[in-house]
Amino acid sequence: MSVNTISKDRFKQFVEALIQSDQRVVGVQARGDRFVFDDLKAADALRLDYDVTILSPRKYVLPPKEPLLKFDGRASYESLQESEPMVLLGVHPYDMAAINQMDLLFSQDEYDNHYMCRRKKMTIIACDVATPSENVFAASMGTATVDSGYDMLLTDIGDAYVVEAATDNGKALMNLMPDARPASEADIEKRQAVWKKNEHDLNKHMLECKPSFLPKLLEKNYDHPVWEEKARLCYSCGSCNQVCPTCYCFDVQDEVNWDLKTGVRYRAWDGCLLQDFATVAGDHNFRKDRAARFRHRLYRKGKYVPGKIGGQIACVGCGRCITACTAKIANPVDVYNQLMERTDIG
Amino acid sequence: MCECCVQNNKDIYLPAPATITKRRMLNGTELYLHLESDSGKEMEYTPGQFVEVSLGGIGEAPISISSSPTQKGLELVIRNVGTLTRAIHKLQVGDKLGVRGPYGSTYPVEQAKGKDLVFICGGIGLVPQRSFIRYVLDHRSEYGKVTVLIGTKCYDMRLFREEIAMWQERKDMTVMETIDEAHDCWDGNVGVVTTLIPKIESDLPKSLVMVCGPPVMYKFVLMALAEVDVPQDSIYVNLERRMKCGVGKCGHCQINQHYVCQDGPVFRFSDLANVPEAI
Amino acid sequence: MSKNININVHHITRVEGHGNIVVNITDGTIETCQWQVPEAPRFFEAMVRGRRYDDIQTIVSRICGICSISHSLVATRAVEDALKLEVSEQTDLVRHLMHYSEQLQSHVLHVGYLVAPDLFGEKSVVPLIPKATDAVKTIIKAHRVANQMSALLCGRITHPVTLTPGGMTRVPTEDELRSLKKELEAIVPDLVTICNVVLSAAEALPDFTRETEYVSLKQNQPQYKGTLQEYTFYHGDITSTDLNGKPPVPAAKWESVANEYVHPQSTAKWTKWHRDAYAAGALARFNNNAELLSPLGKKVAEMFGLKKGCCNPYFNSIAQLAECAHVVEGSLEVIDELLTRGLKPEKVKVALRAGRGHAGIEAPRGILFHSYEFDKNGECVWGNCCIPTNQNHANIQLDFEKLVPQFMDEGQDALRQKMEMLVRAYDPCISCSTHYLDIEFVK
Amino acid sequence: MSKPRVAIFDFACCEGCQLQIVNLEEEIIDLVGAVDVVEWREAMSEQSHEYDIAIVEGSITRPEDEHRLQIIRSRAKILIALGACATIGGVNKMKNNFDLNEVKRCVYGKDAEMPHLATTTTRALHEVVDVDFKIHGCPINGEEFKQVVRDLLLGKKPVIPTYPVCVECKAKENVCRYEYDEICLGPIIRAGCGAPCPSAGWRCFGCRGLVDNPNVDAAKEVMEKYNLTVDDLKQKMVLFNSK
Ligand SMILES: Cc1cc2nc3c(=O)[nH]c(=O)nc-3n(C[C@H](O)[C@H](O)[C@H](O)COP(=O)(O)OP(=O)(O)OC[C@H]3O[C@@H](n4cnc5c(N)ncnc54)[C@H](O)[C@@H]3O)c2cc1C
Ligand code: SF4
Ligand code: SF4
Ligand code: SF4
């Protein structure tokens, strides 16, 4: 691991050089009065001071619609893999934490090479949060800062960035930053201060328990009235699923060409809040009630997925679902805190 | 395909071609298929597991393996309920389809050795159970008493009639069949499958009981088993959910914390105690 | 040759909407010769009442799928007139572009898919595919570019969603405009190809003329430099070949031009101005504005010998071809203008007031008028629309009355073919008017 | 296997959905290669009484239309309703909010009683005959149309979304209209269009019709959260979702 400092001007040159390189560069940019990840065409468009992006970088890690294989007739199949080398620039710590979780989920048990292959070709330049968003609560979830997964981590310390290269990929990128100097003690301290501040500030909604307590909290509250109270207003629109960096459920469909023989099998984002997520043939729906679907999401974040990935909570506190939910009921902290109120923590 | 995929050499979503070598309708809606893999390699599986069956352009569906690994090829039984299953019903001997798997948990083939076994099957639930039953029959000496209860909605829907008749001939197993609705050609038991439970001769609390059937059946069978003191950890249920990937990623088959495709489809009932969505 | 003719084309094909042609000739005497419009009436003017000012364009866009952009645009402008809303030059330019996309799309569709089969003696474009694959593909390509242009500017191809009284909800980015420009430049040679293909079959256009009043918009005060000020589709007052030096009529007074009346042959209303009927459409625009066409537009007209004052209705399709060229060149000009100015998102501000507003615009098939009145809450209390196809119905009837005697000796099939072609030449959009063409030769 | 015979018909509508078929551009050549188009008045002169699949656009607004639709139904094995006018009645149904005689008078004045101007309550196709499949939208989405046709040719039940527009809107990375305290029907309207309207800065006005199970009970409380009222919502629903 090497830690350097580079001035913001010089950093811009680095981004320019990156854009000129032969890989795809995706970075955070403004769209209207919000921010999005998009292909970066000029260094000036990069906005590392952003608060939060509308969609998380999941859209690159697990694209909304991705071909899995092509078929020719009923029984002839061939894998499709469309990934390309890519640099993802400006990933916030909570989103990095989400990607780390997904890496685990897609590599464990059955190894998903469509996902993993793309990840391996991806270089992630993370960056610490400079402007807290209106609903972020990463501090409550322990994801205000992150210490793994990225190839490079940037921290804005005023007129310069502290740059930490964490992998070989990251170190190779340092070659595009000839002007970077080893970070001084003072710079490192400034970075420490940013981390400390974020661990305090990124907390617009305060979870009243340690995240590690959530599985236990949920264990006891399956029939809690809050599920029905909240879900009463739920539109089953899956907005909370769509924007969430840790949601990864998908649907699989075949699309056939006009020869009615060849075509592509692809997967596309799905959402457990959608009415027919658990419907099988004969229209039997295993999760028919809004409340049951609403509960399922928060159980997945707080209990089920943690059970698969060594206890890590699958809500990273980005706050996107809070903003995205039209009915204003999706706030996980709000729900978990209500469970706390009526639960004996013993 | 790119390099790193080639390195890993396995795409978990990639079906392998197989050819239909036998085909017959078991009743008006259920089709029996015998498949052989085009690669010539036998699939290695254990009773209770399932495969994902594919028709390019139409889609994929999870289907239980009905054959036993002690025999050659793969046997499936497919009920015509929707798009893919309807398309499969149109296939003929010699036609090909895609298969990947096997997936999911298995019946307790090893732990069951030496024990009395009871199979309670409702309708198409006989299909996966048959895999284990045939396995047991092929290793008959290793297991205790074998009792098979089969309940079918109506006379015409009964599956594997000749095979059941052969089982009934055997001295080393007990097979009891019932149909829900009386029928002119039927002089056997009439009533739901639970009515057969009192007739079981094995020492039920010491037996392993395997249950598979439509969602509504479980509640009643499990209640009946509780009444006769079968401990929950001696009961195995075989559950079904919507499924897309079959490999624990897509999220559709989740029952609370469990993935049917990985933790199931065969569950020990005691493991489902805190799983309210299961039954 | 038989002197008895019975033509009964019930729902003429390859036109938008439903229309019938009925001709009955016994022993050389014309007993019936009718152009009928049986389209189901849809009552838009009644349905807009009670709706808010910013839903009007969404509703009336559904009058017609092919000219939905014109309907949305004219409605939006009528609402703006009622609420006294000014739009920025940027909005005006983007709307021009949007409008051009529709002219191009509609004209290419009409000439390429609906008229060309007649010229080549086919029943539809389908049999032309194997015979003239390249030509058909060229037409498809031009059509696709026009549609992409609509999709970019309107938010979707048909029934625009970017228009709102007072402005635009979305304007294209400069990158998007630059790539549009490339696409448009690339289809200029294709347009020439299409014109040559049509020219090769132009002798199939019947030799038929009838003195006609032609009504269209004309723009007196230039809005911007270049093409935009001239051959107008979007701004301007109502002019006519019968005005004889009198000043054009402002669009607000359109009701005194159209003089709508209900005719028993039609569910759509008919119109007349200085004579018993007038014609609207590309030929009308050409006859009033020919000298203002873009250079390539003029060239196309020349290729076909189309000159100002042409009274052959079949030449409407040729005027459309000239307009295609004009519109592509005009679009390139507008894009350059927008790129020079740079595009900025704009906030739309609306202050409600009670009032009535009117607007006129050139839809692909002719002049189109909308008027609305709103109460102080911005709710519509009255609406009135007058659609180009309706303005042509009476003229088609009069053309028929001259055409049938002229060509009846050629026999039933040839006559029927000419009558169908005539209707198609007007590019009727009967669903606008309500719906259009069935020809009946009554037995 | 012989190619299925397809006929396309229209009733009261703007024909914009048929236009979307034309707008398939090159792919229309593939389409006419995969099926036998035997009647399509807007695009060709041939006509036929024998067809397997009838694609029908438009609403039923007159007694004679009802009769014609019944004949089409009796001849077709599969009947597909094409576009909002056919699937939900579309804008034509706004007429049903008024007294019919008054509507006629409003448009035709003193001539309103002329017999050829007769009109009845607007109905969607399924309110008159059995409809096998619905391709929603005003206009339809060409991609969805292609998929439905190919699925049917394959003998596959087309997958039409049962979830609301918000799903696709969110995927397009739009800022929700409600965040600006503006109204949008996205949460209760069936997806499949790709949310072009919110993506263009406009509201979803509901052209694809309601989802199967819209949460109408939530409307009042949710609208209040944005300083809007249920009446605001209803004002917008009238456009495409009148009774
Ligand atoms: C572990 C397991 C074993 C099964 N074994 C058998 C068997 O041996 N024989 C048999 O006939 N059927 C079996 N099923 C059910 C079978 O998978 C469904 O009937 C089949 O998916 C229906 O597909 P379709 O395209 O014909 O129906 P459609 O209704 O057209 O399918 C709609 C969609 O719902 C999904 N879906 C519908 N029903 C189910 C379901 N029950 N499970 C999972 N997804 C579903 C499918 O993915 C499909 O995309 C099994 C299901 C599971 C989970
Ligand atoms: S549940 Fe909500 S706050 Fe948590 S990670 Fe997902 S979108 Fe962010
Ligand atoms: S803008 Fe409309 S469609 Fe989009 S998310 Fe918001 S409510 Fe849903
Ligand atoms: S967003 Fe709404 S109005 Fe727009 S196309 Fe989709 S359903 Fe129709």
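Here the structure is a predicted model, which means the values were calculated and not measured. First the proteins, then the strands, lettered A, B, ... as listed; each starts at 1.
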Next on the checklist: Tell me whether A:Arg74 is salt-bridged to B:Asp95, with the criterion being a basic N under 4.0 Å from an acidic carboxylate O.
Outcome noted: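 The answer is yes: the pair qualifies as a salt bridge.
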
Checklist entry - Do the charged groups of B:Glu277 and A:Arg287 touch, with an N to O distance under 4.0 Å? => result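 Yes.
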
Tell me, side chain or backbone of [X] under 4.5 Å from chain B's heavy atoms, or both, or neither?
X: A:Phe106; answer: both
X: A:Thr279; answer: both
X: A:Asn285; answer: neither
X: A:Leu69; answer: side chain
X: A:Glu255; answer: neither
X: A:Phe286; answer: side chain
X: A:Asp270; answer: side chain
X: A:Lys70; answer: neither

Checklist entry - Does A:Lys308 make a cation-pi contact with B:Tyr259, if we ask for NZ or CZ under 6.0 Å from the ring centre and within 45° of the axis? => result yes

Item to check | Trace of the side chain to side chain contact (heavy atoms under 4.5 Å, CB included) decision for A:Arg265 with B:Tyr13 | outcome: CA-CA 10 Å; A:Arg265 177 167 295 165; B:Tyr13 303 108; over 6 Å; no

Rounded to the nearest 0.5 Å, what's the gap from [atom1] on [X] to [atom2] on [Y]? Could you check?
X: B:Arg241; Y: A:His284; atom1: CZ; atom2: NE2; answer: 7.0 Å
X: B:Arg100; Y: A:Tyr77; atom1: CZ; atom2: OH; answer: 10.0 Å
X: B:Lys96; Y: A:Ser76; atom1: NZ; atom2: OG; answer: 10.5 Å
X: B:Gln254; Y: A:Cys272; atom1: CD; atom2: SG; answer: 8.5 Å

Next on the checklist: Donor-acceptor check, side chain of A:Asp254 to backbone of B:Gly59, threshold 3.5 angstrom: yes or no?
Outcome noted: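 Yes.
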
Checklist entry - Between B:Asp11 (side chain) and A:Asn113 (backbone), is there a donor-acceptor pair under 3.5 Å? => result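 Not confirmed, B:Asp11 side chain does not pair with A:Asn113 backbone.
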
Next on the checklist: Can you give me the closest heavy-atom contact between B:Pro17 and A:Ala75, atom names plus distance?
Outcome noted: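 Of all heavy-atom pairs spanning B:Pro17 and A:Ala75, the closest is CB-O, 3.4 Å.
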
[X] versus chain A, heavy atoms under 4.5 Å apart: side chain, backbone, both or neither?
X: B:Leu14; result: both
X: B:Glu240; result: backbone
X: B:Ile58; result: backbone

Next on the checklist: Set out, in order, the CA-CA distance, both residues' side-chain angles and the distance that settles side chain to side chain contact (heavy atoms under 4.5 Å, CB included) for B:Ile12 and A:Asp112, then state yes or no.
Outcome noted: CA-CA 6 Å; B:Ile12 50 175; A:Asp112 186 313; 4.0 Å; yes

Next on the checklist: Tell me whether the count of non-hydrogen atoms from other residues, nucleotides or ligands lying under 6.0 Å of CD in B:Glu44 goes above 12.
Outcome noted: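 No, CD of B:Glu44 has 12 or fewer neighbouring heavy atoms, counting only those of other groups under 6.0 Å.
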
Item to check | Side-chain heavy-atom pair A:Phe250, B:Cys245 within 4.5 angstrom cut-off | outcome: yes

Next on the checklist: Under 3.5 Å, is there a donor on one side chain and an acceptor on the other for A:Tyr222 and B:Asn256?
Outcome noted: yes

Next on the checklist: Ring-plane angle category for A:Phe277 and B:His252, please: parallel below 30°, perpendicular beyond 60°, tilted otherwise.
Outcome noted: parallel

Item to check | Chi angles and distances behind the side chain to side chain contact (heavy atoms under 4.5 Å, CB included) call for A:Glu110, B:Lys10 | outcome: CA-CA 10 Å; A:Glu110 303 273 349; B:Lys10 189 170 162 248; 3.6 Å; yes

